[in-house]
Protein chains: 2
Amino acid sequence: MSNNHFKKGELYSFITGKASTAIARRLQKRFNTAGLNITIEQWSVLYHLWKEDGRSQQQLCNATFRDKPSITRLVDNLEKLNLVKRVPSENDRRINLIYLTKQAQKLEEETMQIADETLNEALKTVPADRIEICKEVLQIVYDNLK
Amino acid sequence: MSNNHFKKGELYSFITGKASTAIARRLQKRFNTAGLNITIEQWSVLYHLWKEDGRSQQQLCNATFRDKPSITRLVDNLEKLNLVKRVPSENDRRINLIYLTKQAQKLEEETMQIADETLNEALKTVPADRIEICKEVLQIVYDNLK
DNA sequence: GACATATAGTTGTTTGTGCAACTATCCAAA
DNA sequence: TTTGGATAGTTGCACAAACAACTATATGTC
């Protein structure tokens, strides 16, 4: 049998991403329990801004694998929450540079720890080499289709 | 280093499910190109009904890992498209049994082939044993959190 | 049989996504 | 210098997801 033939019964969960959905839901519940008033999607934007802020919305699109309208609205909501600020670029007036507020800077440590714990919970009992293989496969899938 | 410690830079795509998002988008585009007027989410409900229809909405919730309101609205939209029909159960009047229409039965072969091709495209160049490991890891993640 | 509790499904609200159409700005070639 | 195409971002629309609150029906216990 060829490498690339799946039995039909196994197609489904790959496509729907049951595993990543389960992780995202658990993480969201933990944020809520901790009294953190942000969504996973908002957090995923902050995540990239913590690595380096002052990015354009287009750069956030690429980093988060979302389209421009999605980022527009996520930034809208993050601005409403006083977590980011749009600053027009001096060089190119089409561009908004997105900067973290102090409030958002304070969130990094706590949320990253919760995310870390959630992944450890998800992956407990899974040997490191198998996690590594899984990640590599998912990366190839992404590269094959993006 | 322990099994369960991810480097921070790798957290993100696991949680957001970039790979499954990429597969779902590609599949949606193929459905559109083929002139098939259904969403991936609708298709994922049909997928379980093709295996066996006459299931209750609650059973579809469990099968698709969605909550009740989500299924209510997916079934609403599938009914509008004349792909399924709600039939009240005779035994228990709280329950709707969901049956496929002839139109929906016609969709099975074509959509399953497109899904198959899409997954083959996603997983080409990935050896079967690595796919197997990846699936097992994702299953454990799901079981650890569900 | 009456009542408390559990289960099945619906509805409202907020948030997010994908697509198409739109505005504003930049840049390069004539 | 003007003009045409590319790029950055916004808005409108349809669909979907999570949560809470709700209705209707079933069931177990007294």
Side-chain angles (χ1 to χ4, degrees), chain A residues 15-18 20-33 37-46 55-81 83-84 86-98, chain B residues 15-18 20-33 36-45 55-81 83-84 86-98:
Chain A
I15 293 170
T16 55
K18 274 166 97 167
S20 56
T21 303
I23 293 177
R25 282 189 199 163
R26 177 63 56 95
L27 183 55
Q28 182 69 66
K29 271 187 191 152
R30 287 209 184 204
F31 281 176
N32 296 344
T33 302
N37 186 31
I38 57 170
T39 67
I40 299 306
E41 293 83 1
Q42 290 164 2
W43 175 81
S44 78
V45 173
L46 294 178
R55 300 191 190 207
S56 72
Q57 296 187 197
Q58 184 58 54
Q59 287 175 316
L60 290 173
C61 292
N62 300 336
T64 63
F65 195 43
R66 289 182 167 87
D67 69 355
K68 290 190 291 177
S70 295
I71 290 296
T72 292
R73 277 140 187 161
L74 285 171
V75 172
D76 285 348
N77 286 334
L78 285 167
E79 247 186 347
K80 281 183 205 155
L81 292 168
L83 293 173
V84 306
R86 282 179 169 96
V87 179
S89 164
E90 305 259 314
N91 306 330
D92 184 338
R93 281 162 49 204
R94 294 170 302 178
I95 293 179
N96 292 332
L97 301 176
I98 312 301
Chain B
I15 292 170
T16 55
K18 273 166 99 165
S20 56
T21 302
I23 293 177
R25 279 188 203 165
R26 177 63 56 97
L27 184 55
Q28 182 70 65
K29 271 187 190 153
R30 287 208 183 205
F31 281 175
N32 296 343
T33 302
L36 298 169
N37 186 31
I38 57 170
T39 66
I40 299 307
E41 294 82 3
Q42 290 164 3
W43 175 82
S44 79
V45 172
R55 301 192 191 205
S56 71
Q57 294 187 200
Q58 183 58 55
Q59 287 174 315
L60 290 174
C61 291
N62 300 337
T64 63
F65 195 42
R66 290 182 166 87
D67 70 355
K68 291 191 291 178
S70 295
I71 290 297
T72 292
R73 276 141 186 162
L74 284 172
V75 172
D76 285 348
N77 286 335
L78 285 167
E79 248 186 345
K80 279 183 206 156
L81 293 168
L83 294 174
V84 305
R86 283 179 169 97
V87 179
S89 165
E90 305 258 316
N91 307 329
D92 185 336
R93 283 161 51 202
R94 293 170 303 180
I95 293 177
N96 292 332
L97 301 176
I98 312 300

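Lettering follows sequence order; numbering is per chain, from 1.
- For A:Arg86, the salt bridge (Lys or Arg N to Asp or Glu O under 4.0 Å) partners two or more places apart in sequence, or in a different chain, are A:Asp76, A:Glu79.
- Listed by residue number, A:Thr72, A:Arg73 are the residues of residues 70-78 of chain A with a heavy-atom contact under 4.0 Å to DNA chain D.
- If you take CZ of B:Arg26 and P of C:dT17, they are 20 Å apart, rounded to a whole angstrom.
- Closest approach of A:Ile71 to A:Cys61, counting heavy atoms only: CG1-SG, 3.5 Å.
- B:Trp43 has its side chain within reach of B:Leu27: a pair of non-hydrogen atoms, C-beta onward, lies under 4.5 Å apart.
- Taking all atoms of both residues into account, the shortest heavy-atom contact from B:Ser56 to B:Ile95 is CB-CG2, 3.7 Å.
- Rounded to 10 degrees, the angle separating the terminal axes of the helix from C:dG1-D:dC30 to C:dA30-D:dT1 is 10°, with each axis obtained from five end pairs.
- Remark: A:Arg55 pairs with no residue by the salt bridge (Lys or Arg N to Asp or Glu O under 4.0 Å) rule, at least two apart or across chains.
- Between A:Val84 and A:Leu46, the closest side-chain pair of non-hydrogen atoms falls below 4.5 Å.
- Rounded to whole Å, the distance from CZ on B:Phe31 to C1' on C:dC19 is 18 Å.
- Shown here are the salt bridge (Lys or Arg N to Asp or Glu O under 4.0 Å) partners of B:Arg30, two or more places apart in sequence or in another chain: B:Glu117, B:Glu121.
- Between A:Glu90 and A:Gln42, the residue anchored closer to the 5' end of DNA chain C is A:Gln42, taking for each the nucleotide with the nearest heavy atom.
- With a heavy-atom cut-off of 4.0 Å to chain B, the contacted part of DNA chain D has its first and last nucleotide at D:dC15 to D:dA26.
- When the C1' atom of C:dT14 is taken as reference, atom CG of A:Asn32 falls 13 Å away, rounded to whole Å.
- In this view, B:Arg94 and B:Asp92 satisfy the side-chain contact (heavy atoms from CB on, under 4.5 Å) rule, not counting sequence neighbours.
- Here B:Asp67 pairs with B:Pro69, B:Ser70 under the side-chain contact (heavy atoms from CB on, under 4.5 Å) rule; sequence neighbours left out.
- Between B:Glu41 and A:Gln28, it is B:Glu41 whose nearest contact on DNA chain D lies nearer the 5' terminus.
- Take A:Gln42 and apply the side-chain hydrogen bond (donor to acceptor under 3.5 Å, both in side chains) test, not counting sequence neighbours, and it matches no residue.
- Partners of B:Arg25 under the side-chain contact (heavy atoms from CB on, under 4.5 Å) rule, at least two apart in sequence or in another chain, are A:Phe65, B:Thr21.
- Contact annotation: the side chain of B:Leu74 approaches that of B:Arg66 to within less than 4.5 Å [non-hydrogen atoms, C-beta and beyond].
- Not counting sequence neighbours, B:Lys29 has no partner by the side-chain contact (heavy atoms from CB on, under 4.5 Å) test.
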Might you list the N or O atoms of the protein lying below 3.5 Å from N or O atoms in nucleotides 5-8 of chain C, with each pair's distance?
| residue | atom | partner | partner atom | Å |
| --- | --- | --- | --- | --- |
| C:dT7 | O2 | B:Arg94 | NH1 | 2.9 |
| C:dA8 | N7 | B:Lys68 | NZ | 3.4 |

